[in-house]
Protein chains: 2
Amino acid sequence: MDQDRSRLNLEEPRRVTIREVARAAGVSVSTASKALNEQGRMSPETRDRVRQIARDVGFRPNAVARALVGKRSFTLGLITNDTYGRFTLPVAAGLASAMASKGVSVFLCAVDDDPARVRLSIEAMEDKRVDGLVIAGKRIDRAPPLENRRPAMPVVYANAATPPEGVGFVPDDKRGGALAARHLLSLGRRRLAHISGPEDFAAVALRAAGWCQVLRDAGLEPYGKSLHGSWSEAFGYETGLFLRERLGTERYPDAVFCGNDQIARGLIDALQVRQIRVPEDIAVVGYDNWDIFARATRPPLTTIDMALTRLGECAGLTLLDMIAGKAVEPGLRKLPCHLVMRQSCGGEQIGDAT
Amino acid sequence: MDQDRSRLNLEEPRRVTIREVARAAGVSVSTASKALNEQGRMSPETRDRVRQIARDVGFRPNAVARALVGKRSFTLGLITNDTYGRFTLPVAAGLASAMASKGVSVFLCAVDDDPARVRLSIEAMEDKRVDGLVIAGKRIDRAPPLENRRPAMPVVYANAATPPEGVGFVPDDKRGGALAARHLLSLGRRRLAHISGPEDFAAVALRAAGWCQVLRDAGLEPYGKSLHGSWSEAFGYETGLFLRERLGTERYPDAVFCGNDQIARGLIDALQVRQIRVPEDIAVVGYDNWDIFARATRPPLTTIDMALTRLGECAGLTLLDMIAGKAVEPGLRKLPCHLVMRQSCGGEQIGDAT
DNA sequence: CTGAAAGCGCTTACAG
DNA sequence: CTGAAAGCGCTTACAG
């Protein structure tokens, strides 16, 4: 056993405790604690001496002990049903990195959509006394199945359905749709078609609503039927092969706004087969700014970015406020999207904003 | 403040402690503890009574207190520099879910490649007394910059460079290359070309080595030069447009093994432009089994799956062994890859293994 | 078989 | 200004 440990360099380092710091400084443990935490009044000399010695011996307070006495663990849980990761990944990255700079660590709980795993995760987070929970999803009208469990700590929702009295953050999809419309109008396009994902997604309706409203404000109607299918290249491709037939229009549209980048890519590939030029004949705007797609499309895709990393940051910072007892209004926060220009719309290329 | 709490349903639930369970059961705290943990000898009656009462009042032991006294936090850290997420995401999912079923939670630390953030993360993990650390990367010949810090707890590397005395898990890329070669040979292909990523990636050399060895054992030489470029569709596409020229061959190959799915997809798109049929004229094998690419390629891609989710699981389970003090041999474990058949090679379609 | 005591490493009133 | 005491919620020897 000792052999094994040494073979793997596992010798437990006997970590230095505050007691040893206190003794080395010739003060009591409580004085050492106060010096280290800048609490209460004390002579600058002893405070500095304690801190210097702590630094010298490499003292680092045991966060577990601190959590036990302080009722704060400086720890958060992230519960997500998006194991596929398209959405949670940027959210998690933004959250973890914003929290790291506040000294807060984040537990990752991947739960699929299994209520039993959700329950287990929440219990684990409760047992470990996390200060708060971020509940993240892959669509804004669903959430991991919490059933009726109300977690014993503050909760913030991120890119997921938020209950009436909860606090949640989602991308402003309506504004995203409006951005796409305004951009295409500004380029002089007038026959504006829309192809999107399944109708039962709230995001689909919101993006379409923002899109339509801008068109109507400009005195236009959406060009042709609005088309719905899976969030896949296959749907975009198959639609692109028979675009006029599907839209029920005589002419081709001169612009298409697609509900995500995959649909946009499939569409563009099919238009190429049909010898239709993008952006000359048809301008295309995608949605998601999923790099790996948007950049690889020929031509590279102009698309809407939902700023999910920022969403993760905001969710975390708000959760920290709630944990600190600050007043936080319940409700849904819609975070701004932005347009990333590449080459699928022509027009001025202001460069790649990513 | 009380208003705020109630508005947000933040009333701190006064969680029940073991002391209350003990009192309700009419025993001492130590007896209650032993009953709950099945430690020591005691009469079945009191044990059952205590446990029943604990269940009734919904007692859940405070994991923080347990960690403090037990020197085990049932907590792991995952440190990754793959914020892009292609590799870490499946690794993290496999790790977190395998650990969850053991009652172990995983902290997510995204560090980019910034040494300062690595140091901060490791210190945070040490302070929080995690039992062990998984260090994950995006390529097998690099790792997050630990500098000379040796973490104060057991470490396992996952899909990252592993130091001589460390324990690491990587996909068996050499065998992956061999699998691709054997598959194409079995389909009767004989002019076998290879296109891969940048030469300085160890994975590139390993895949090529496995590939070449199988060819040589079959009395063949790789067909044409082996080509290297970025891990992108663009490289695959541009190579596909001028395939013979790039390979330096007179005829087209009848099969191409690509270093990743993106290159394969770019290649296939270009071959379509050139009116070359896949798989009839050229069979194509990718690498990664990145769903979103492999399925969307026309035709869907036969490719090598690195089983990264399983890699995350294995890394976690081994780390648990090390934490438990079991003997674990240092060294690199190469985990098997497997071939996923779709339609880019023809041959028997045994179905989609994903 | 059961309980009193000590202790994990820290912080926080409270005396001096 | 400094320290002794109590306590966070548990577990673990050790007596009885």
Side-chain angles (χ1 to χ4, degrees), chain A residues 12-51 53-54 57-75 103 126-131 152, chain B residues 12-51 53-54 57-75 103 123 126-131 152-153:
Chain A
E12 293 280 333
R14 193 161 269 67
R15 297 192 247 212
V16 17
T17 71
I18 198 175
R19 177 201 303 263
E20 309 177 49
V21 172
R23 207 160 31 147
V27 297
S28 72
V29 168
S30 26
T31 300
S33 173
K34 268 181 298 196
L36 263 9
N37 294 306
E38 316 226 43
Q39 300 278 32
R41 297 290 93 213
M42 64 193 318
S43 80
E45 295 77 46
T46 50
R47 179 164 47 66
D48 292 344
R49 180 161 40 91
V50 171
R51 315 197 76 185
I53 286 176
V57 300
F59 170 71
R60 314 215 88 230
N62 180 332
V64 174
R66 278 187 132 166
L68 184 59
V69 54
K71 310 296 192 200
R72 278 282 315 264
S73 62
F74 294 91
T75 274
E126 286 175 341
D127 293 351
K128 286 184 170 133
R129 296 299 189 268
V130 301
D131 300 325
Chain B
E12 293 278 334
R14 194 161 266 64
R15 295 191 250 211
V16 17
T17 70
I18 198 173
R19 176 200 305 265
E20 310 176 51
V21 172
R23 209 161 29 151
V27 297
S28 72
V29 167
S30 27
T31 300
S33 173
K34 268 181 299 196
L36 263 8
N37 294 307
E38 316 225 46
Q39 300 279 34
R41 295 293 93 214
M42 64 191 322
S43 81
E45 295 78 47
T46 48
R47 178 164 46 67
D48 293 345
R49 180 160 41 89
V50 171
R51 316 198 77 186
I53 287 176
V57 300
F59 169 70
R60 312 215 90 232
N62 180 332
V64 174
R66 278 187 133 167
L68 184 58
V69 53
K71 311 296 192 198
R72 278 283 312 265
S73 62
F74 293 91
T75 273
E123 285 174 358
E126 286 173 343
D127 292 352
K128 286 182 171 133
R129 296 299 189 269
V130 301
D131 301 325
M153 65 282 280

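The model shown is predicted, which means the values in this text are computed figures rather than measured ones. Letters go in sequence order (proteins before strands), and every chain restarts at 1.
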query = Is it true that A:Arg60 and B:Glu123 make a salt bridge, defined as a side-chain N closer than 4.0 Å to a carboxylate O?
reply = yes

query = Does A:Thr46 place a side-chain N or O at less than 4.0 Å from the phosphate oxygens OP1/OP2 of D:dT2?
reply = yes

ask   = Whole-Å distance between D:dG3 P and A:Met42 CE?
value = 8 Å

message = Considering only residues two or more places apart or on different chains, which pairs with a residue in residues 21-32 of chain B satisfy salt bridge (Lys or Arg N to Asp or Glu O under 4.0 Å)?
response = none

ask   = Under a 3.5 Å cutoff on both atom distances, Watson-Crick or G-U, what's the dot-bracket for DNA chain D ([ ] crossing, | other strand)?
value = |||.||||||||.|||

query = Heavy atom of residues 21-32 of chain B under 4.0 Å from DNA chain D: which residues?
reply = B:Val29, B:Ser30

task = Please report, rounded to the nearest Å, how far the P atom of D:dC8 is from the CD atom of B:Glu20.
result = 11 Å

ask   = Can you check the B:Arg19 CZ to C:dG3 P distance for me, whole Å?
value = 15 Å

query = Taking the nucleotide of DNA chain C with the closest heavy atom to each, which residue, B:Ser43 or B:Val69, is nearer the 5' end?
reply = B:Ser43

request  = Round to the nearest Å and state the distance from B:Arg129 atom CZ to C:dG9 atom C1'.
outcome  = 9 Å

query = Can you tell me if the side-chain N/O atoms of B:Lys71 get under 4.0 Å from OP1 or OP2 in C:dG9?
reply = yes

In a table with atom names and distances, give each donor-acceptor pair under 3.5 Å that connects a side chain of residues 63-73 of chain B to protein atoms at least two apart or in another chain.
from, atom 1, to, atom 2, distance (Å)
B:Arg66, NH2, B:Asn37, OD1, 2.7
B:Arg72, NE, B:Asp131, OD2, 3.2
B:Ser73, OG, B:Arg129, O, 2.7
B:Ser73, OG, B:Asp131, OD1, 3.3

note = From CD of A:Glu45 across to C1' of D:dC1 the rounded distance in Å is 11 Å

Check nucleotides 14-16 of chain C against the protein and report each pair of N or O atoms closer than 3.5 Å, with its distance, or say if there are none.
none

ask   = Where along residues 58-66 of chain B does a heavy atom come under 4.0 Å from DNA chain C, residue by residue in number order?
value = none

key: Spacing between B:Ile18 atom CD1 and C:dG3 atom P, to the nearest angstrom   = 13 Å

